[in-house]
Protein chains: 2
Amino acid sequence: MGINAKDVARLAGVSQSTVSRVFFGGASVTEKTRKKVLAAAEELGYTPNEFARSLITNKTNIIGLVMKGVKNPFYPQVLKEFALEFKKLGYGILFVHTNNYEIEKEDISMLLKYNVAGVIITDAALSLYVTEDFKKNQIPLVLFNRKTEKQDFYSVGTNNMAAGRKIAEYLIAKGCTDMVYISGERNTSTSIEREKGFFDVLEKHQLPYKRYDSDFSYQGGYETTKKVISEGNIPSAFFAANDIMAFGVLDALREHSIAVPEETKVVGFDNIDMANWPTYNLTTWEQPISDMVQETVKYMMSEIEEYTGRTGKVKIPGQLIERKTT
Amino acid sequence: MGINAKDVARLAGVSQSTVSRVFFGGASVTEKTRKKVLAAAEELGYTPNEFARSLITNKTNIIGLVMKGVKNPFYPQVLKEFALEFKKLGYGILFVHTNNYEIEKEDISMLLKYNVAGVIITDAALSLYVTEDFKKNQIPLVLFNRKTEKQDFYSVGTNNMAAGRKIAEYLIAKGCTDMVYISGERNTSTSIEREKGFFDVLEKHQLPYKRYDSDFSYQGGYETTKKVISEGNIPSAFFAANDIMAFGVLDALREHSIAVPEETKVVGFDNIDMANWPTYNLTTWEQPISDMVQETVKYMMSEIEEYTGRTGKVKIPGQLIERKTT
DNA sequence: AACTATTTTGAATACGTATTCATAATCAAA
DNA sequence: TTTGATTATGAATACGTATTCAAAATAGTT
């Protein structure tokens, strides 16, 4: 179909090998022939065929990015940052949306078929066989903002437990005495860790607390809060496991004319753009997306350079962003 | 590195050709050998190398999806729908985030290098040379929710002008007399068309109107409304070119204690999930994402099957969703 | 059984590139 | 210039698959 290296070689009066050397870089080519080749390539509109290239090198410049939630604006933001960062490095992004809670066999297959250079899983959980599939093929894998009980991965996240603790201390300092934690899906490490840090501190201070199980969604925060209100005891503070649930909390409170931060306080998690919108003005914990992305990319590139399969848990510190809901 | 067809062939006691035939489909293979091969493949964990495949067929199962805005939740939603739809058909998605207003040369190059089967551009604008690059390579292209002045593309969107008209008629019927349109970026077809339909009707009714230029962002809607308020004349209705701007409008109004829908009314566009949140309860125009995606996929697949380069403008009708802001 | 028509299979080849290995060209030093 | 060392180039090959072409096996018919 298209123009190939042989065509360019013919026009430039050199061999195909030389054309390859010009475009691959790192090899020794005379300045004169390089110019000849580049001129010919320009004239013909030649672009190296990435597939043939990958066939030889057994490497691709594609990173697989697996994502589940797009309703939480946090994740599109993450996607964007990854896209920009990898673009700088000449890598493309194969986007895989996984619908179910766990990454599906189909999704893995897609990633393997295209021999991705690395995989980032941002939202979904993954089970054992996934481990094996990627390890067997020496494909570096990063769990972004999620961990499994098993330790054999590299994961990048924020220090959820410390954040939970800090938030508890902050609320106590503000005079809160009894608090409610609204969890995300109960099997996600993020929700569990935030809860643990939060409750640890409350227990140490012998303060009463209660957990309501929800699902990281706006509706979840909203309905849960309505339930809390209907039970009659308004706590002195709500800590929601992410921002959009906190928005649901705030809207439910507003609907019942419960003043924030006077009658009760609300803290979220993520610090998505919307947290700064005047309607919400939400006090929340900032997840340093850029730093987390940078860290992920750094590991990924080093593992692509030379695969070691090393594991680890990197926790990028975040910070409390104080606004008007506390 | 990994397992290849030859390995499977050896284990199954057949030739590589037969393995290929089993996995490519459409060819004639005995049920018995098929089972043997599949068993061997399963045992070894074989997946056909898509790159070698593409080298032969000169086709890929990758669709390039170019997107600019991720702050507007409308687009992540679109991304998700495309991902799911194409996954069903065995296609992967190469996600390209373009930062600038126009799709960049770098982005095009990425798409060409990977020889994508088709390209969908959702948000960004594109200039002439892009046209040529894709046409030359017979790569089908769809403009999703955007059009250019040039007619030589296939575009899928909603009928923005008709929607603008309907919204105007609706507001007039509600008794509004002077209205404000808050535009998106001035060079986007969507914003221009919505405006045109809207103003056409108002002019016909000889009603006063005014346009404020904004940028499709929440901040834009918010600041613009503050400006409108500071000018002293509160219009009887705002029509914002998308929902998140409408949210900005509502928040600005709320801040100034201007009652909606009593003192003024607000209409958005898109009907993103958030429009249904209790804080906003926004009356808006629903863009039928699913239908638009379906239509895009249909065209894409037919052009992949057999490239014709045919152009057209498909407009999927939407509908007014009436909530509490009017 | 004998033959033909059809289906299934294997060997060989092509796709476009990177890379090894050998050869040719260039350079440095005497 | 001669020699030796370095560099630039080309021919050949490999990557993993789809596909053509011929051979083998099977089914169908008499």
Side-chain angles (χ1 to χ4, degrees), chain A residues 1-38 40-41 44-62 90 109 112-117 136-139, chain B residues 1-38 40-41 44-62 90 109 112-117 137-138:
Chain A
M1 250 257 14
I3 308 297
N4 59 24
K6 215 176 281 179
D7 298 329
V8 176
R10 201 175 305 127
L11 180 59
V14 298
S15 74
Q16 178 265 323
S17 319
T18 301
V19 174
S20 172
R21 278 188 268 258
V22 168
F23 278 88
F24 197 67
S28 50
V29 183
T30 296
E31 194 51 35
K32 207 174 66 178
T33 56
R34 171 188 308 279
K35 276 187 182 164
K36 267 197 305 186
V37 168
L38 288 178
L44 296 175
Y46 168 72
T47 322
N49 183 319
E50 203 67 23
F51 292 92
R53 207 169 241 196
S54 293
L55 193 54
I56 297 276
T57 61
N58 199 30
K59 284 176 183 168
T60 66
N61 289 331
I62 301 182
S109 156
L112 290 178
K113 273 195 327 192
Y114 285 103
N115 197 15
V116 292
K136 198 191 294 175
N137 294 355
Q138 306 215 333
I139 296 176
Chain B
M1 249 279 356
I3 307 299
N4 61 23
K6 214 175 282 178
D7 299 328
V8 176
R10 200 176 305 125
L11 180 60
V14 299
S15 73
Q16 179 267 322
S17 319
T18 301
V19 174
S20 171
R21 277 188 270 257
V22 169
F23 279 87
F24 197 66
S28 49
V29 184
T30 295
E31 193 53 33
K32 207 173 65 177
T33 56
R34 172 190 305 280
K35 277 187 182 164
K36 267 196 304 188
V37 169
L38 288 178
L44 297 176
Y46 167 72
T47 322
N49 183 318
E50 203 67 23
F51 291 90
R53 208 170 239 195
S54 294
L55 192 54
I56 297 277
T57 62
N58 200 31
K59 284 176 184 170
T60 67
N61 289 331
I62 301 181
S109 156
L112 289 179
K113 271 197 327 194
Y114 285 103
N115 197 15
V116 292
N137 294 6
Q138 304 216 333

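Chain A is the first sequence line, chain B the second, and so forth, proteins listed ahead of strands; every chain is numbered from 1.
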Next on the checklist: Whole angstroms only, please: what is the NZ-P distance between Lys6(A) and dT17(C)?
Outcome noted: 10 Å
Item to check | Interatomic distance where NZ belongs to Lys32(B) and C1' belongs to dA25(D) [whole Å] | outcome: 11 Å
Next on the checklist: What contact category does Thr33(A) fall into here, base, sugar-phosphate, or nothing, at under 4.0 angstrom with non-hydrogen atoms?
Outcome noted: sugar-phosphate
Item to check | Side chain to side chain, Asn4(B) and Asn49(B), heavy atoms closer than 4.5 Å | outcome: no
Checklist entry - Counting just side-chain N and O atoms, does Asn4(B) come under 4.0 Å of either OP1 or OP2 of dG16(D)? => result yes
Item to check | Distance in angstrom units between Arg10(A) CZ and dG10(D) P, rounded | outcome: 14 Å
Item to check | Rounded distance [0.5 Å steps], NZ in Lys59(B) versus CD in Glu50(B) | outcome: 13.0 Å
Please list, pair by pair, any protein nitrogen or oxygen found under 3.5 Å from a nitrogen or oxygen in nucleotides 18-21 of chain C.
unit_1	atom_1	unit_2	atom_2	d
dA18(C)	OP1	Arg53(A)	NE	2.5
dA18(C)	OP1	Arg53(A)	NH2	3.1
dA18(C)	OP2	Ser20(A)	OG	2.3
dA18(C)	O5'	Ser20(A)	OG	3.4
dA18(C)	N7	Gln16(A)	NE2	3.4
dA18(C)	N6	Gln16(A)	OE1	3.1
dT19(C)	O4	Ser17(A)	OG	3.3

Next on the checklist: Can you measure Asn115(B) atom CG to dT17(C) atom P for me and round it to whole angstrom units?
Outcome noted: 11 Å
Item to check | Donor + acceptor pair across side chains of Thr33(B), Thr30(B) (<3.5 Å) | outcome: no
Next on the checklist: I need the CZ-P distance between Arg34(B) and dT7(C), as an integer number of Å.
Outcome noted: 15 Å
Checklist entry - Rounded to whole angstrom units, what separation is found between the CG atom of Asn49(A) and the C1' atom of dC15(C)? => result 9 Å
Checklist entry - Under a 4.5 Å cut-off applied to non-hydrogen side-chain atoms, are Phe51(A) and Lys113(B) in contact? => result no
